Amino acid sequence: MKRRRFIQTVGAYAALAAAASLPYGVARLLSPAAYAAEHEHIPLPGALGDPEEFARACIGCGLCGEVCPPRCVEFKQREGGGHVNTPYINPAKKACILCNKCMEVCPTDALTVIPVRDVNMGIAQIDRAACYPWVDEGICGACVVVCPLGDKAIHFTFANIYKPAVLDGCVGCGQCVEVCPEPSLPIRIVHRSEGTIAKHGVAARRRSY
Amino acid sequence: MQKSVKNPSALRHLNKLRWVTLTVIFLMLVLLPFIHLYQTFVASHAYDLLLPYEKVIYNAMEWLTSPFVSDPEHDLDAIKGTTWSGSLFGLKLSDPLSVISQVSGSLSLYWPFILTGLIPVVVTVLLGRVFCGWICPATFIYELNDTLAAWMRRAGVPLGDKVYDKRLKYLVLFAGLILSMLLGSIVTAAIYPPAIIGRELYYAVAQGAFGSGAVFFILTILFDLLVARRGFCRYLCPGGALYSLLGRYRLLRIQRVVEDCNDCKKCNVVCEFGLDPLQDGFGQECNNCTACIAVCPTDALVFKLQIHDQPYRGPGHLGHAYRNQQAGGES
């Protein structure tokens, strides 16, 4: 009899916990996780380094989006999985202009004001098998011209031959991605550890992630 | 009776003022995304390249805001955000629920953020759960929904009017804090209607589509309509639970003056939160919305400054029950 009473008590508490978690479960079921390409969901400037840490600090108020002058900040829906309503930038659509407004307005420590040179949204990576000048298909240089950080971030490999190469000063704002005329996007923002030159074949398969 | 006819209490008009407040805040939340669109159009300095519908938005917002600002790109940043978290003329304000969820989710204290919740907490401690009745943009829709439900009931549509235990919402609040900690994201933001409304209006206007929160909000409206009257606010809302706890010892309370009460029970019927003003049953969940004051025919409900509810003082002195009681006592 004692055991039955114990089971009844535990069952009652479990039912209460389930009832209390029900709204959260419904909200989570409404946005099941979908695939998200990493280079299309780069972090905001001044964001906490680790995406998990960022999701813990972000309350999903949308203020960063509401002050963004180029309207580049978007919010994760299904592609965010559990991190729904947290902000991201898709630089191919609209790129960050490093204006600091989102860092200033963020009420939490998810985005904090830092100098432009310390921003780390990733780093631009160039696919030399697709970029016009690198495959000798034409002259371009749009990415070098548009870069807000000048010759600290991206330059021509040699004088006036239009082959772009990314330097360590790149903060990953993505202006070059937005302006790139090649539809297959030979330039994209990736995590800093992946390097500035896209790898192909065996080297690509050995990437760490 | 005579008193109310000759000299009706001014408190009756507070409910109208509340509706004006709710409407203004809701319209503001609709307007802010359009203002942001206008700011981005101004910042891009390319009016001629805008699409026709964007030009309409530009012209409308210019007409609306030009009397107040000289430099729309920067001056219009004065009012930003939603009731979940926002900034008003440089003053950052956040919902107390967002503050404790963030503390519980990140397991750290970031004081600049915690202090943004200070003013709402102080207001709630003094005035009670006024956010729910006077500010919350979801209340605006839920009360209209409740009016619709009343019409449908009057027309003979059978709608559910189930009653659950109101303490469930404290468990929902507790579960939200625990789940925020375990899952590593602020889960309360996904189910808290005022947060959902501000966010989804912004998504719809400035980002092109509603998100999943809109579906959740429609589900809560259906729950209110078909299952339990004002069910989400009464039984599930974690923010309401937090505000109730904070407003437990509020200073400003609606109380019944038993000498003026005639036991008509209109206050119990009109109360959105299922409280029992007729028997002095206000408690911590009263949000001082003044709906009961507005319907009281004898002005028996007044505001009082005290930190505890008065105990039940018996049937109203203008009612039959009290009269019969008196007659029985005399004979």
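So you know, we letter chains A, B, ... as the sequences are listed, proteins then strands, and number each from 1. This is a predicted model, so every value here is computed, not measured. Computed over heavy atoms, backbone and side chain alike; hydrogens, waters and symmetry mates excluded.
- Rounding to the nearest 0.5 Å places OG of B:S104 at 8.5 Å from CZ of A:R56.
- When the heavy atoms of residues 6-15 of chain A are compared with those of chain B, none of the residues falls under 4.5 Å.
- Residues of residues 201-217 of chain B lying under 4.5 angstrom from chain A, judged on non-hydrogen atoms, are B:Y202, B:Y203, B:A206, B:Q207, B:G211, B:S212, B:V215, B:F216 by number.
- Between the OG atom of B:S44 and the CZ atom of A:R71 there is a distance of 9.0 Å, given to the nearest 0.5 Å.
- Using a 4.5 Å cut-off between heavy atoms, A:L22 does not touch chain B at all.
- Put simply, the side chain of A:K101 reaches to within 4.5 Å of the side chain of B:D77, judged on heavy atoms.
- Contact count versus chain B (heavy atoms, under 4.5 Å) is highest, among A:P70, A:A110, A:A55, A:P107, for A:P107.
- At a heavy-atom cut-off of under 4.5 Å, chain B is reached by A:C61, A:L63, A:G65, A:E66, A:V67, A:C68 from residues 61-68 of chain A, listed in order of number.
- In terms of non-hydrogen atom pairs under 4.5 Å with chain B, the most contact-rich of A:S31, A:A27, A:S21 is A:A27.
- Residues of residues 174-188 of chain A never come closer than 4.5 Å to chain B when only heavy atoms are counted.
- Looking at B:R199, its side chain never comes within 3.5 Å of a backbone N or O of A:N85 through a donor-acceptor pair.
- Heavy atoms closer than 4.5 Å to chain B are found in the side chain of A:Q77, but not in its backbone.
- When atom types are taken as modelled, the side chain of A:Y24 and the backbone of B:S180 share no donor-acceptor pair closer than 3.5 angstrom.
- Taking CD1 of B:I191 as the start and CG of A:L30 as the end, the distance is 12.0 Å to the nearest 0.5 Å.
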